[in-house]
Amino acid sequence: MRKFILKRLLSLIPTLLGISILVFFMIHLIPGDPAEMMLGERASESALREVREQLGLDKPLYVQYGKFLGRLLQADLGRALRTNEKITTEIRERFPATVELSICAIIIATVLGMFAGIISATRQYSIFDYVSMVASLIGVSMPIFWLGLVLMIIFSVNLAWLPLSGRLSYYIQLETITNFYVIDSIITQNWTALKDVLWHLILPAFTLSTIPMATISRITRSSMLEVLRQDYIRTARAKGLSLWAVHYVHALKNALIPIITVIGLQFGILLGGAILTETIFAWPGIGLWILNGVYARDFNAVQGGTMFIAMVFVSINLVVDILYAWANPRIKVS
Amino acid sequence: MRKHWILLLALALMAAPMISTTHAADTPKQGGVLVFGRGGDSPGLDPAFETDGNSFMICDNVFDQLVLYADESTEIVPGLATSWDISEDGKTYTFHLRKGVKFHDGTDFNSDAVVFSLGRMMKDKNVKYFKSEWAFPNEQPSPEYWLSMEMDSLVDSIVAADEFTVVFNLKRVEAPFIANMGMDFAAIISPAAYHKHGADFRANPVGTGPFKFVEWIKDDRIVLEANPGYWDGRPYLDKVIFRSIPDNSVRFLELKTGNIDICQFPNPEDIELAEHDPTMKLISQPGMNIGYLSFNHTKSLWQDKRIRQAFAHALNKKSIVDNIYYGLGQVAKNTIPPNMWSYNDDIEDYSYDPEKAKALLKDAGFAEKLKAAGQEKVTLWSMPVPRPYNPNGMKVGEAMQADLKAAGVDAELVTFEWGTYLKKQRAQPEEMDLFQLGWTGDNGDPDNFLAVLLDGMADPNVRTQWKNEQYHDLIMKAKQALNREDRIRLYREAQELIHEEVPLINIAHSLVVWPMKQRVMNFKLHPTASVRMHKAWVK
């Protein structure tokens with residue numbers, strides 16, 4: 001096991017190096033002069049020179065990349081051009097919002113998605129199966145942007161049950177310690193804030209959960225169906241076990257492995273910052289921050305943010321791989 | 001349909017001042033919270049280093065400058081300086097400061113605070129304090145506006161003569177200098193707070209303004225509270241909250257449900273909805289900007305002014321504003337916007353007249369000249385990105401292309417990625433005939449439009465590279481005239497010359513229209529786009 005983990009860790013090095021090259025050159029090879037774009041109509045030759053110098057753009061690309069890599073090794077992502085703030089600080093301030101939202105979304109997606117998948121599999125070709133599979137197809141292909149707005153109009157504007165956007169109502173005070181508002185309101189025993197925070201989470205988390213939910217329900221269904229066809233399931237039924245015990249004790253446990261993998265991958269994707277969901281719901285997370293970086297042509301922020309997200313994604317993959325190997329020892333051998 | 005309601009809206013807005021006088025019976029109420037919904041967060045809050053409207057919006061309420069812009073114009077009025085004298089040679093400005101003003105941290109406002117606030121942006125730090133010796137930070141971001149207004153080549157030294165007198169010695173005579181002192185970058189900060197927070201001052205601003213900074217949750221909200229001891233009277237509002245809501249539709253929904261009181265930059269469709277909503281009202285203000293079409297003046301093809309005039313007759317500007325600006329713009333006849341002083345309203349714009357255009361072109365032998373240049377078509381460069389002065393450069397380009405076709409000129413649309421566009425345009429290449437571009441004003445001074453855009457003789461960075469001696473002369477005289485009346489006369493003359501010579505065709509100024517709740521009173525949009533809450537109140 002230790003050897004496997006070590007091997008996987010070592011394989012991260014070329015992956016991350018590859019990502020750093022991709023991220024760096026993708027941004028620097030885009031046509032157009034970042035200095036021109038930053039200064040816009042008012043650019044004068046001298047101002048352009050100054051900005052290029054300040055950004056190090058006057059140096060050859062490989063020198064710039066070397067510097068970027070050198071800083072990266074010291075866990076320094078540089079400073080955002082737009083705010084002159086350390087990118088690590090900017091990320092620290094915003095990542096908790098994204099994590100909080102992603103955890104809620106993945107919980108909703110897992111519970112509802114697995115539920116639908118299991119029922120569909122155990123009642124294959126029933127009405128429920130058809131409906132849930134069509135729903136999951138819609139879920140995957142539905143534009144989040146549109147869905148978010150529709151949910152808002154129904155639940156926030158017409159019914160006035162849920163807040164429209166943001167993380168916390170402006171009239172509620174919350175002392176922030178970890179920047180995870182749910183945790184902060186529990187630590188400070190601020191129950192009014194906790195209720196408000198949870199209320200604010202419902203719509204964006206549900207909106208964000210639709211794609212992973214659909215994916216999870218489909219994979220649960222197919223994985224369950226495969227297991228249900230196995231001989232040992234027939235044996236279990238033959239020896240007179242209740243359907244419940246057959247489905248949930250014997251079948252589900254064995255069907256779980258691909259499901260866990262998918263949940264892990266989906267969670268990794270969510271942590272990358274749900275740009276659309278965060279934008280519509282004015283959710284101050286990392287996706288929105290990177291998008292603002294793109295708008296402001298702050299390529300330090302885009303570069304640093306993308307690098308950070310890539311690292312998070314790679315780490316989650318690593319954890320999933322290890323879990324997988326632990327659950328299914330055959331993986332290690334191959 | 002859309003055109004009609006926009007016309008109605010425009011009329012209604014013009015009538016708005018009359019309506020508001022009938023509401024004047026409403027006496028301002030003390031207290032209350034106003035929530036302002038905006039499109040994005042502030043990058044930072046140290047006025048010296050900010051370039052973003054979302055930053056200035058907060059700075060406008062937390063800080064004051066030595067001079068301020070009047071409530072609804074860019075006229076200069078006293079701020080932290082109660083008065084100022086200009087020496088006879090025009091090179092020395094002596095500011096007499098307001099006494100008894102305190103920063104939000106309780107420290108005193110005095111001449112040393114002025115020297116520190118502005119001196120820290122100077123390259124050679126040629127300053128003299130009166131009493132305190134505030135050290136300048138070793139490392140800081142570059143003060144973008146100080147640089148882009150070329151203050152280093154203008155200001156020689158800043159000297160605190162006594163506790164309440166500051167003298168600015170200039171390197172040359174420059175009448176727009178006083179307008180620069182009203183810009184955000186020239187705001188006066190608390191040196192004590194700066195030394196306490198260091199670079200983090202950008203997240204902990206302390207000024208003398210009507211509101212104090214309280215809290216900032218990044219990408220979510222900034223909270224300000226009233227400064228009870230404000231020198232110009234305590235604000236009516238207890239608190240102002242600036243919320244960032246990036247999506248335009250959602251921001252409007254927040255306004256509809258009453259979670260915010262003012263909605264910045266709504267979608268054009270939502271303005272129509274707001275019109276019909278009894279809980280809402282609209283305010284509007286022409287933006288301090290210009291979108292234009294200019295000629296490649298380095299090419300001989302464009303030297304004949306009859307040709308340029310013909311192009312001015314060929315374009316249907318009104319149709320462009322109605323259909324592409326969705327009415328959120330107004331046709332421009334001058335380069336400076338109508339709410340700027342010295343605007344020459346006597347000028348009569350070139351009529352939309354394709355026949356006249358054809359006749360003028362024939363007169364000037366345009367077709368032959370084009371052939372002689374080895375061209376069949378003219379190229380029309382158009383921006384690939386929306387700008388504050390032009391919501392869709394390519395669509396405007398297409399409309400122009402059709403208009404030119406009607407006048408018998410074939411134009412080919414050309415565009416590049418934005419950075420490349422700006423770079424190539426600067427080089428005035430042979431293959432560029434016509435180009436679209438625009439400008440957003442900085443300090444409300446006509447010089448900031450008329451010199452920056454058109455005086456190609458003064459500066460190789462001028463985008464149009466139009467070189468006209470008479471014009472250059474007018475602009476230089478206006479820069480050096482210290483008498484306001486003289487400057488107005490010179491700028492009006494310059495506008496006449498622009499009209500006659502058509503170095504560029506003024507297309508449109510954008511129009512800013514924001515919906516807000518009926519309960520918001522006395523909130524006005526400023527031409528400089530600053531958002532001031534000092535005199536606003538809520539019912």
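Chain identifiers are assigned alphabetically (A, B, ...) following the order of the sequence lines, protein sequences preceding nucleic acid strands; residue numbering begins at 1 within each chain. Worth knowing before you read on, the calculation uses all heavy atoms, side chains too, and leaves out hydrogens, waters and symmetry mates.
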- Assert top hit (heavy-atom pairs under 4.5 Å, partner chain B, pool A/Leu168, A/Thr176, A/Leu291) equals A/Leu168

- Quick one: which of A/Ser169, A/Gly166, A/Ala80 has the most heavy-atom pairs under 4.5 Å with chain B, could you say?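 Max contact count across the listed options: A/Ser169.
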
Mind ranking [options] by heavy-atom pairs under 4.5 Å with chain A and telling me who comes out on top?
options                               : answer
B/Ile241, B/Leu147, B/Leu253          : B/Leu253
B/Val223, B/Asp442, B/Val385          : B/Asp442
B/Gly40, B/Gly44, B/Pro141            : B/Pro141
B/Lys256, B/Glu144, B/Glu50, B/Arg387 : B/Arg387
B/Asp41, B/Ile217, B/Asp220           : B/Asp220

- Minimum heavy-atom separation for B/Gln465 to B/Gly456, with atom names?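 What the structure gives for the nearest pair is OE1-O, 3.9 Å.
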
- Query: What are the two closest heavy atoms between A/Ile280 and A/Phe145, and how far apart are they?
  - Reply: CD1-CA, 3.4 Å

- Message: Would you say the rings of B/Tyr421 and B/Phe435 are close, in the sense that their centroids are separated by under 6.0 Å?
- Response: no

Which bit of [X] is near chain B, if near means a heavy-atom gap under 4.5 Å: side chain, backbone, both or neither?
X        : answer
A/Trp289 : both
A/Asn292 : side chain
A/Ser156 : backbone
A/Glu93  : side chain

Side chain, backbone, both or neither of [X] within contact of chain A (heavy atoms, under 4.5 Å):
X        : answer
B/Ser244 : backbone
B/Leu422 : both
B/Arg243 : side chain
B/Ile245 : both

- Message: Looking only at side-chain N and O atoms, does A/Thr98 offer a donor or acceptor that is under 3.5 Å from a partner on A/Glu278?
- Response: yes

- Item | Between B/Gln425 and B/Arg463: side-chain donor-acceptor atoms closer than 3.5 Å | yes

- Item | Qualifying residue, where the test is salt bridge (Lys or Arg N to Asp or Glu O under 4.0 Å) with A/Glu90 and the options are A/Arg92, A/Arg94, A/Lys86 | A/Arg94

- Message: Could you tell me if B/Lys218 sits above the aromatic ring of B/Trp216, with its cationic atom closer than 6.0 Å to the ring centre and no more than 45 degrees from the axis?
- Response: yes

- Check: B/Gln436 side chain, B/Gly291 main-chain N or O, donor-acceptor pair, under 3.5 Å: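 No, the answer is negative, given that no donor and acceptor are paired below the 3.5 Å cut-off.
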
- Close side-chain approach of A/Phe281 to A/Thr207, heavy-atom, < 4.5 Å: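 A/Phe281 vs A/Thr207: side chains touch.
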
- Message: Assess the residue pair B/Thr528 and B/Phe56 against the criterion (side-chain contact (heavy atoms from CB on, under 4.5 Å)); give the C-alpha distance rounded to whole Å, side-chain angles, the decisive distance to 0.1 Å, and a yes or no.
- Response: CA-CA 10 Å; B/Thr528 59; B/Phe56 294 145; over 6 Å; no

